Amino acid sequence: MRAQSSATIPTAIAVPAPGGAWAGTLQAALGVVAFSLTFPATAWGLEGFGPWTLVAVRCVLAAAIAGGCLLALRVPPPERRHWAGLAVVAAGVVVGFPLLTTLALQTSTTAHAAVVVGLLPLTTALLSALRTGTRPSRTFWAAALAGAAAVAAFTVRQSGGALSAADACLFAALLVCAAGYTEGGRLARVMPGWQVIGWALVLCLPLAVPGAALALAYEPARLTAHSVTGLLWVAAGSQFLGLVVWYRGMAAIGIPKASQLQLAQPLLTLVWSVLLLGEHLTPAAPLTAAAVLVCIAVTQRARS
């Protein structure tokens with residue numbers, strides 16, 4: 001099978017299909033739901049796996065799924081000019097963010113770690129403006145800043161307002177993930193979103209396999225229902241399926257608007273934390289949820 005020429009791809013995506021905006025928003029929202037389970041699932045995984053083992057095995061499993069799909073559909077390798085962008089996606093989304101947040105969750109609660117996700121939409125929009133030249137409106141930026149401030153204030157209050165040693169990992173994770181999202185969203189305009197994350201995962205496989213073997217030798221695994229479920233979710237749900245629909249959504253509605261849907265992610269994570277981890281929420285949760293939903297509505301209507 002021959003790869004489609006680079007000259008014809010932009011033409012094919014120049015005119016969005018009818019209903020593409022709604023479909024794109026729905027796909028990006030499904031990605032947010034998948035991502036909202038990542039921190040609770042990671043906490044479950046850490047019950048039986050060491051942090052390095054969890055990240056390495058997660059990458060191997062996700063890469064096996066992605067590689068199997070690419071082989072089954074006989075997808076040709078990307079053009080050489082796209083590999084640098086795929087390397088950024090791999091470094092930021094496949095390796096950097098999972099590793100840094102997993103290390104942070106050893107000493108941080110899921111509520112405190114949600115600060116990263118609360119600030120991620122704004123950081124992604126900023127990097128997108130620098131990388132792709134997009135210029136969202138002032139209304140968009142005002143709503144994005146208000147939403148980020150509301151989420152940050154809520155999650156910091158949930159954690160007691162104290163900074164932990166894990167904050168360096170969390171803020172580093174914020175930056176590398178925003179870079180990976182931005183580059184992945186750009187690439188998803190010239191190739192299917194699932195192929196973007198698929199090839200990024202395959203790119204990490206030569207390092208992930210020996211890394212997993214080495215980590216397992218130093219961090220013996222203890223298989224439990226929670227640890228196995230957590231591992232399987234972060235590998236198949238967060239690392240592959242969630243990113244597939246997320247990149248498709250970003251390609252359809254644009255990186256800045258899609259990124260603002262993630263303002264709801266910390267609140268969803270806190271709900272899952274209550275249901276799955278037994279954490280408790282303060283009465284401020286519904287007020288913050290209402291403020292975030294208003295900000296999301298404004299950013300989705302604001303013209304880029």
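Worth saying up front: this structure is predicted, and the values here are computed from it rather than measured.
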Q: Where is the tightest heavy-atom contact between P51 and L103, given as atom of each residue plus distance?
A: CB-CD2, 3.9 Å
Q: Taking the side chain as everything from C-beta on, heavy atoms only, tell me whether L276 gets closer than 4.5 Å to L37.
A: yes
Q: Give me each pair satisfying side chain to side chain donor-acceptor pair (under 3.5 Å) with a member in residues 63-73, each pair once, sequence neighbours excluded.
A: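 Residue pairs with at least one partner in residues 63-73: there are none.
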Q: Work out which heavy atom in T123 is nearest to a heavy atom in L174; give both atom names and the distance.
A: OG1-CD1, 3.5 Å
Q: Taking only residues at least two apart or on different chains, which pairs with a member in residues 172-188 satisfy salt bridge (Lys or Arg N to Asp or Glu O under 4.0 Å)?
A: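 Listed once each, the pairs are R131-E183, E183-R186.
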Q: Nearest 0.5 Å please: distance from the CG atom of L187 over to the CZ atom of R189.
A: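 The CZ atom of R189 is 11.5 Å from CG of L187, to the nearest 0.5 Å.
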Q: Linking I/L/V/M/F/W/Y whenever any side-chain heavy atoms sit under 4.5 Å apart, do L267 and L30 land together?
A: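 No, L267 and L30 fall in different hydrophobic clusters.
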Q: State which residues pass side chain to side chain donor-acceptor pair (under 3.5 Å) with S36; sequence neighbours excluded, sorted by chain then number.
A: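 Residues passing side chain to side chain donor-acceptor pair (under 3.5 Å) with S36: W272.
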Q: What pairs of residues pass the side chain to side chain donor-acceptor pair (under 3.5 Å) test when at least one of them lies in residues 212-223, not counting sequence neighbours?
A: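 Residue pairs with at least one partner in residues 212-223: T53-E219.
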Q: Would you say L26 and L241 are hydrophobically clustered, going by side-chain heavy atoms of ILVMFWY under 4.5 Å?
A: no
Q: Identify each donor-acceptor pair in which a side-chain atom of residues 194-216 lies under 3.5 Å from a protein atom, sequence neighbours left out, and give them as a table.
A:
none

Q: Show the nearest heavy-atom pair for residues A264 and V292, with the distance to one decimal.
A: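 Smallest heavy-atom distance, with atoms named: N-CG1, 3.9 Å.
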Q: Under 3.5 Å, which donor-acceptor pairs do the side chains of residues 93-102 form with other protein atoms, sequence neighbours left out?
A:
residue, atom, partner, partner atom, Å
T101, OG1, F97, O, 2.6
T101, OG1, P98, O, 3.3
T102, OG1, P98, O, 2.6

Q: Is it possible for you to say whether L243 and V60 belong to one hydrophobic cluster, with membership spreading through side-chain heavy-atom contacts below 4.5 Å?
A: no
Q: Could I get the full list of ring-ring contact (aromatic ring centres under 6.0 Å, His included) partners for F39, not counting sequence neighbours?
A: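 By the ring-ring contact (aromatic ring centres under 6.0 Å, His included) rule, F39 matches no residue at all.
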Q: Please enumerate all residues that pass side chain to side chain donor-acceptor pair (under 3.5 Å) together with T224, with sequence neighbours excluded.
A: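 Counting only residues at least two positions away or on another chain, T224 forms a side chain to side chain donor-acceptor pair (under 3.5 Å) with S227.
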Q: Would you kindly confirm whether V228 and L54 end up in one hydrophobic cluster when ILVMFWY residues are joined by side chain heavy atoms under 4.5 Å apart?
A: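 V228 clusters together with L54.
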Q: Could you tell me if the side chain of R58 sits less than 4.5 Å from the side chain of L231, heavy atoms only?
A: yes
Q: According to side chain to side chain contact (heavy atoms under 4.5 Å, CB included), who are the partners of A148, at least two apart in sequence or on a separate chain?
A: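 Applying side chain to side chain contact (heavy atoms under 4.5 Å, CB included) to A148 gives L119, L122.
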Q: How long is the straight-line distance from CG of L145 back to CZ of R138, given to the nearest 0.5 Å?
A: 13.5 Å
Q: Could you report the tightest heavy-atom contact between A150 and T288, atom names first, then the distance?
A: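 Closest heavy-atom pair between A150 and T288: O-CG2, 3.8 Å.
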Q: Which atoms form the tightest heavy-atom contact between P40 and L277, and what is the distance?
A: CA-CD1, 4.0 Å
Q: Does anything in residues 228-251 pair up under ring-ring contact (aromatic ring centres under 6.0 Å, His included), and if so which pairs, sequence neighbours excluded?
A: F35-W246, Y181-W246
Q: What pairs of residues pass the side chain to side chain donor-acceptor pair (under 3.5 Å) test when at least one of them lies in residues 42-52, not counting sequence neighbours?
A: E47-H226
Q: Can you name the closest pair of heavy atoms from L120 and C177 and give their distance?
A: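 Nearest pair, atom of L120 first, then C177: CD2-SG, 3.9 Å.
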Q: Applying a strict under-4.5 Å side-chain criterion to I, L, V, M, F, W and Y, I'd like to know whether L270 and V32 cluster together.
A: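 Linked within one cluster.
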